[in-house]
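Predicted model, so just to flag it, every value in this text is computed and none were measured. A note on names: the letters A, B, ... follow the listed sequences, proteins ahead of strands, and every chain is numbered from 1.
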Amino acid sequence: MLDPRLFRADLDYVKKQLSRRSFDFDSEYYSGLEARRKDIQVKTQDLQNERNSRSKSIGQAKAKGEDIQPLLDQVQHMADQLKDAEMELSDIQAKMTALMEGIPNIPDETVPDGRSEEDNIEISRWGEIPVFDFEPKDHVDLGAQQKRMDFELGAKIAGARFVVLNGALARLQRALIQLMLNTHVSEHGYSETYVPFLVNADSLRGTGQLPKFEADLFKASDDPALYLIPTAEVPVTNIVRDVIIEAKNLPLKLVCHSPCFRSEAGAYGRDVRGMIRQHQFEKVELVQIVKPEDSAKAHEELTQHAEIILKKLNLPYRKMLLCAGDTGFSSSKTYDLEVWLPGQDAYREISSCSNFKDFQARRLQARWRNPETGKPELVHTLNGSGLAAGRTLIAVMENYQDAQGRIHIPDALLPYMGGMEVIG
RNA sequence: GGAGAGGUGGCUGAGCGGCCGAAAGCGGCGGUCUUGAAAACCGUUGAGGGUUGAUUCCCUCCCAGGGUUCGAAUCCCUGCCUCUCCGCCA
């Protein structure tokens with residue numbers, strides 16, 4: 001959620017910034033609502049004030065043993081009036097909240113204009129694209145041997161967009177997760193967490209998935225309302241919901257491995273082959289909670305932490321700065337890391353690292369106590385995949401294949417593979 | 001799943017339906033004392049919002065949502081959560 005004070009101070013600026021991401025903000029509707037809100041709020045509070053002072057004098061009169069009946073007669077109709085005003089106020093506040101919750105974050109000034117991924121900017125490239133003296137296979141064909149990667153079985157057990165991994169490939173995925181967790185904990189200073197994979201609506205509202213993106217989620221239960229997490233970002237960031245953090249405890253750097261569940265509504269027909277887009281996948285997520293002044297730097301660092309995993313695995317990748325139109329709803333600035341997939345002859349997203357600034361923090365009421373003011377102020381939140389394990393598995397398979405369709409284990413993973421050097 | 005107890009400020013913990021945004025203690029902050037520290041003593045210390053020229057005035061918040069009442073932290077209902085005992089269980 002954006003700062004309501006920003007709307008009152010400079011509506012044109014807000015509208016202009018939102019238009020950069022093709023969001024048409026109805027400022028007329030907003031202004032009308034805001035004017036009414038102000039009006040009704042003042043009216044309601046006046047009535048409340050009157051009720052309070054009259055009730056107080058009734059109490060005092062009663063204490064002195066005076067006849068309070070005349071006073072009671074005076075207040076008779078106040079209750080109804082007040083109730084009406086309060087209902088009107090809560091009604092307009094609900095409308096206001098609904099409007100505000102549907103407005104995306106304002107893009108950072110360093111974010112380029114643009115409408116779609118076509119307009120994203122390549123920041124850098126790393127690694128050498130492997131040259132094969134044979135026609136490289138994609139991960140589906142590579143995984144088909146001995147049914148190590150079995151999509152038919154996934155479909156039988158659950159349905160489309162599910163997979164079963166067997167033997168060495170299941171282990172390889174686990175090895176990747178271990179490498180990622182160990183690196184982030186031991187070398188990057190993150191604290192490992194384990195969190196619920198089912199979350200309530202408040203948590204999803206806090207990080208911005210609700211109310212707008214319910215269709216992307218799997219709802220696991222109606223009563224109580226619980227959803228499967230689309231990313232560990234949700235439970236991990238919600239650790240600081242309604243918390244005032246002491247300045248000395250910042251930054252908070254958390255890493256969490258979790259399965260992720262996405263309905264992929266709206267993605268019909270896209271990436272139907274293979275493990276690129278599944279309803280369930282494993283991911284190691286990095287989350288940082290920082291002082292506002294530190295978030296730009298933290299964003300660069302967090303992205304580098306994700307990049308280091310790719311470097312350790314010697315996987316070629318490029319770093320993209322998303323344009324305003326392609327940046328996610330809650331984010332003010334996002335870098336995507338795209339890994340090279342020989343089977344697709346293309347770079348594909350493997351990590352997305354975002355600075356949300358105070359957008360999530362405002363919804364979460366996640367604050368820190370600023371020693372300079374002594375007051376609680378909103379923190380900045382950031383997160384990024386470090387990395388998506390399923391897609392990393394694909395990248396390793398396709399980049400480390402040989403002419404026989406075998407997969408050579410990258411050096412960095414050898415300690416986790418129990419002596420196995422080649423799969424095949 | 002069954003039975004009971006309870007949810008109050010950073011923490012512990014009082015609180016007759018009006019004088020309670022809330023005692024007291026701890027913690028935090030500031031000060032006195034001290035070469036310094038500790039102890040002791042004194043003072044101070046919740047959050048959100050509206051409004052204003054203003055550090056003015058006002059509103060809301062004692063788990064959440066309803067209700068009773070002129071008036072609710074206090075009474076009633078529902079939900080959620082925590083604890084204890086029993087059962088079951090990875």
Side-chain angles (χ1 to χ4, degrees), chain A residues 1-9 30-31 33-101 194-206 210 220-227 235 238-250 252 259 289 358 360-379:
Chain A
M1 197 149 67
L2 291 167
D3 189 350
R5 280 169 296 196
L6 192 60
F7 285 72
R8 290 175 215 162
Y30 165 85
S31 300
L33 220 53
E34 169 63 11
R36 267 181 64 208
R37 190 226 94 226
K38 200 164 171 172
D39 193 50
I40 294 163
Q41 184 157 350
V42 170
K43 186 174 113 194
T44 306
Q45 293 189 352
D46 281 350
L47 284 168
Q48 285 172 328
N49 184 16
E50 194 179 337
R51 177 208 53 199
N52 290 348
S53 58
R54 291 204 180 192
S55 292
K56 197 166 263 184
S57 51
I58 289 172
Q60 285 164 353
K62 205 172 169 187
K64 288 184 207 154
E66 294 169 4
D67 179 18
I68 58 168
Q69 194 52 49
L71 290 169
L72 287 180
D73 292 342
Q74 282 178 16
V75 244
Q76 213 164 27
H77 299 296
M78 274 217 59
D80 285 344
Q81 252 182 46
L82 183 57
K83 188 163 280 181
D84 286 349
E86 281 174 346
M87 273 177 62
E88 207 179 342
L89 181 61
S90 75
D91 182 61
I92 197 149
Q93 278 172 338
K95 281 200 178 97
M96 205 75 183
T97 306
L99 174 68
M100 295 299 279
E101 280 186 338
Y194 173 81
V195 294
F197 300 154
L198 290 168
V199 294
N200 58 34
D202 282 343
S203 292
L204 288 159
R205 204 171 295 117
L210 288 181
S221 150
D222 275 317
D223 187 24
L226 287 173
Y227 300 81
N238 271 275
I239 288 172
V240 296
R241 169 151 56 90
D242 294 322
V243 174
I244 299 171
I245 306 161
E246 291 304 320
K248 63 172 192 267
N249 293 329
L250 292 175
L252 210 57
I289 313 293
D358 63 11
Q360 289 183 328
R362 186 168 292 105
R363 291 169 165 237
L364 293 161
Q365 283 302 298
R367 295 171 292 174
W368 69 298
R369 196 172 291 280
N370 185 344
E372 284 176 27
T373 61
K375 289 286 170 191
E377 296 172 14
L378 296 171
V379 295

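Q41(A) places its CD atom 15 Å from the C1' atom of U52(B), with the value rounded to the nearest Å. Residue Q60(A) contributes atom CD, which lies 16 Å from atom C1' of G17(B) at whole-angstrom precision. One interatomic measurement links the two molecules: CG of N370(A) to P of C29(B), which rounds to 16 Å at whole-angstrom precision. K248(A) has its NZ atom 15 Å from the P atom of G10(B), to the nearest Å. Taking atom CG of L364(A) as the reference point, atom P of G48(B) lies 16 Å away to the nearest angstrom. Atom CZ of R205(A) is separated from atom P of A64(B) by 16 Å (rounded to the nearest Å).
Atom C1' of G10(B) sits at a distance of 28 Å from the matching atom of C19(B), rounded to the whole Å. Comparing the C1' positions of G13(B) and U51(B) gives an interatomic distance of 37 Å, to the nearest angstrom. The C1' atoms of G28(B) and G17(B) are separated by 35 Å, rounded to the nearest whole Å. Straight-line distance between the C1' atoms of U8(B) and A47(B): roughly 15 Å, to the nearest whole Å.
R369(A) meets the side chain to side chain donor-acceptor pair (under 3.5 Å) test with no other residue; sequence neighbours excluded. Scored by the ring pair (Phe, Tyr, Trp, His ring centres under 6.0 Å) test, F197(A) finds Y194(A) as partners (sequence neighbours excluded). Listed by chain and residue number, nothing satisfies the side chain to side chain donor-acceptor pair (under 3.5 Å) test with D67(A) (two or more places apart in sequence, or in another chain). Qualifying side chain to side chain contact (heavy atoms under 4.5 Å, CB included) partners for T97(A), counting only residues two or more places apart in sequence or in other chains: E101(A). In this structure, the side chain to side chain contact (heavy atoms under 4.5 Å, CB included) partners of D46(A), at least two apart in sequence or on a different chain, are V42(A). Legend: residues meeting side chain to side chain donor-acceptor pair (under 3.5 Å) with K83(A), ordered by chain and number and at least two apart, are absent. By the side chain to side chain donor-acceptor pair (under 3.5 Å) test, Q41(A) pairs with R37(A), sequence neighbours left out.
Checked by atom type, the side-chain pair N52(A)/S55(A) shows no donor-acceptor distance below 3.5 Å. Side-chain N/O atoms of N49(A) and Q45(A) include no donor and acceptor closer than 3.5 Å.
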Return the polar atom pairs (N/O with N/O) between nucleotides 56-58 of chain B and the protein under 3.5 Å, or none.
residue	atom	partner	partner atom	Å
C58(B)	O3'	N49(A)	OD1	3.2

With the criterion being N/O to N/O and under 3.5 Å, what pairs connect the protein with nucleotides 69-78 of chain B, and how long is each?
residue	atom	partner	partner atom	Å
C70(B)	O2'	S55(A)	OG	3.1
G71(B)	O4'	S55(A)	OG	3.0

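Taking the nucleotide of RNA chain B with the nearest heavy atom to each of E50(A) and R5(A), the more 5' of the two is matched to R5(A).
Comparing atom distances between the K375(A) side chain and each of U68(B), A47(B), U51(B) picks out A47(B) as nearest.
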